[in-house]
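Input: a single structure, listed below in structure tokens.
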2 protein chains.
Amino acid sequence: MAEAAIGVLDTRFLKALTDPARVQIVKKLILLGACDVSTIARGLSQDRSVISRHLNTLEQAGITASRKEGRQVFYDLDGPYIVNKVSLILEALQPMAELCLPFQDISETGDAA
Amino acid sequence: MAEAAIGVLDTRFLKALTDPARVQIVKKLILLGACDVSTIARGLSQDRSVISRHLNTLEQAGITASRKEGRQVFYDLDGPYIVNKVSLILEALQPMAELCLPFQDISETGDAA
DNA sequence: TGTATATGTGCACACAAATGCACATAAAGC
DNA sequence: GCTTTATGTGCATTTGTGTGCACATATACA
């Protein structure tokens with residue numbers, strides 16, 4: 001079980017969601033839908049080049065997909081992939097809810113008689 | 001919905017799970033149950049002081065609980081907290097599975113007639 | 001009391017990540 | 001063709017994080 005629980009923790013995926021700037025980008029994509037880089041960067045405090053790099057990171061993690069259209073590149077969230085990823089994590093960790101009660105042995109069935 | 005999806009992304013929690021050394025510690029705790037620091041560090045490649053810091057990080061994130069017993073400190077996984085956290089994330093992100101199809105507009109009901 | 005063991009902290013260092021500027025590249029419009 | 005706009009990359013800088021050693025603190029034991 002340990003292997004299953006640990007193996008599902010995709011570091012690249014989780015890391016991509018730990019940066020405030022990237023989370024802000026994800027939020028913007030939720031609100032606006034598919035957007036080109038400049039539109040995403042508009043209003044955000046960082047340079048467009050930085051946003052571009054963050055978008056690349058998100059794509060490497062599978063969180064976004066991109067499509068080139070003329071001279072601009074549109075990015076959009078891959079909702080199914082994201083939800084599936086989190087679902088797999090939850091599924092793998094689920095047993096811990098019962099088996100990993102802190103400082104409690106699970107030997108006996110906790111029959112509250 | 002964006003607020004809900006983003007607000008549930010506990011950075012401290014996610015960050016705690018992005019370090020290989022910490023994940024290794026979590027794995028060890030799954031296998032062994034509650035352990036003192038030295039036992040956890042045994043077999044791992046890093047200094048006990050490093051393990052101690054990682055355990056502190058995990059505890060700050062709510063992933064482990066600790067209990068002092070004599071001169072040693074035992075750490076154990078908080079399974080219910082972990083599973084609940086991931087459940088909340090999944091719950092908040094769930095709508096994205098349908099609403100965030102990459103490069104697809106959701107205006108019409110996709111009736112495949 | 002003195003000694004040994006367990007844990008955490010101060011400090012310095014190594015390494016990775018984020019950031020911004022300047023620039024290269026690509027595509028659209030004149 | 002030249003010019004403008006959109007994007008990504010090279011580079012240097014800064015910031016954050018992980019690491020190990022030495023040491024301080026706390027507890028157990030003789």
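As a basis for the values below, the full set of heavy atoms in this structure was taken, side chains included, without hydrogen atoms, waters or symmetry mates. Below, chain A is the first sequence line, B the second, and so on; all start at residue 1.
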From [atom1] of [X] over to [atom2] of [N], roughly how many Å is that when rounded to an integer?
X     : N      : atom1 : atom2 : value
A:H54 : D:dT7  : NE2   : C1'   : 16 Å
B:R12 : D:dG16 : CZ    : P     : 17 Å
A:L55 : D:dG8  : CG    : C1'   : 11 Å
B:D19 : C:dA16 : CG    : C1'   : 12 Å
A:Q72 : D:dG8  : CD    : P     : 11 Å
A:R67 : C:dA26 : CZ    : P     : 22 Å
B:I51 : C:dA6  : CD1   : P     : 15 Å
A:R53 : C:dA17 : CZ    : C1'   : 11 Å

Considering just the side-chain nitrogens and oxygens of [X], establish if one lies under 4.0 Å of OP1 or OP2 belonging to [N].
X     : N      : value
B:R22 : D:dG18 : yes
B:K15 : D:dG16 : no
B:Y75 : C:dG8  : yes

Within the 4.0 Å heavy-atom criterion, would you say [X] contacts the bases, only the backbone, or no part of the nucleic acid?
X     : answer
A:S49 : base
B:F74 : nothing
A:V50 : base
A:N56 : nothing

So among B:I82, B:I25, B:L55, which one has a side chain to side chain contact (heavy atoms under 4.5 Å, CB included) with B:I63?
->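 Passing option: B:I82.
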Has the side chain of A:R71 got a donor or acceptor that lies under 3.5 Å from a partner of the other kind on the base of D:dT5?
->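 Between D:dT5 and A:R71, which were checked side chain against base, a qualifying N/O pair under 3.5 Å is present.
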Interatomic spacing from CD in B:Q46 to CD in B:Q24 - rounded to 0.5 Å |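 So the gap between those two atoms works out to 7.0 Å.
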Mind jotting down which residue pairs meet the side-chain hydrogen bond (donor to acceptor under 3.5 Å, both in side chains) criterion with at least one end in residues 29-43 of chain B? Sequence neighbours excluded, please.
->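 Those involving residues 29-43 of chain B are B:D36-B:T39.
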Can you get from B:L32 to B:V26 by hopping between Ile, Leu, Val, Met, Phe, Trp and Tyr side chains that sit under 4.5 Å apart?
->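 No, separate clusters.
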Ignoring hydrogens and angles, tell me if any N or O in the side chain of B:E59 forms a donor-acceptor pair with the backbone of B:S66 under 3.5 Å.
->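 Here the side-chain-to-backbone pair exists.
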By nearest nucleotide on DNA chain C, pick out whichever of B:D47 and A:D47 is the more 5' one.
->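 Its nucleotide being nearer the 5' end, the pick is B:D47.
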Mapping B:R48 and A:K68 to their closest nucleotides on DNA chain C, which lands nearer the 5' end?
->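 Result: B:R48.
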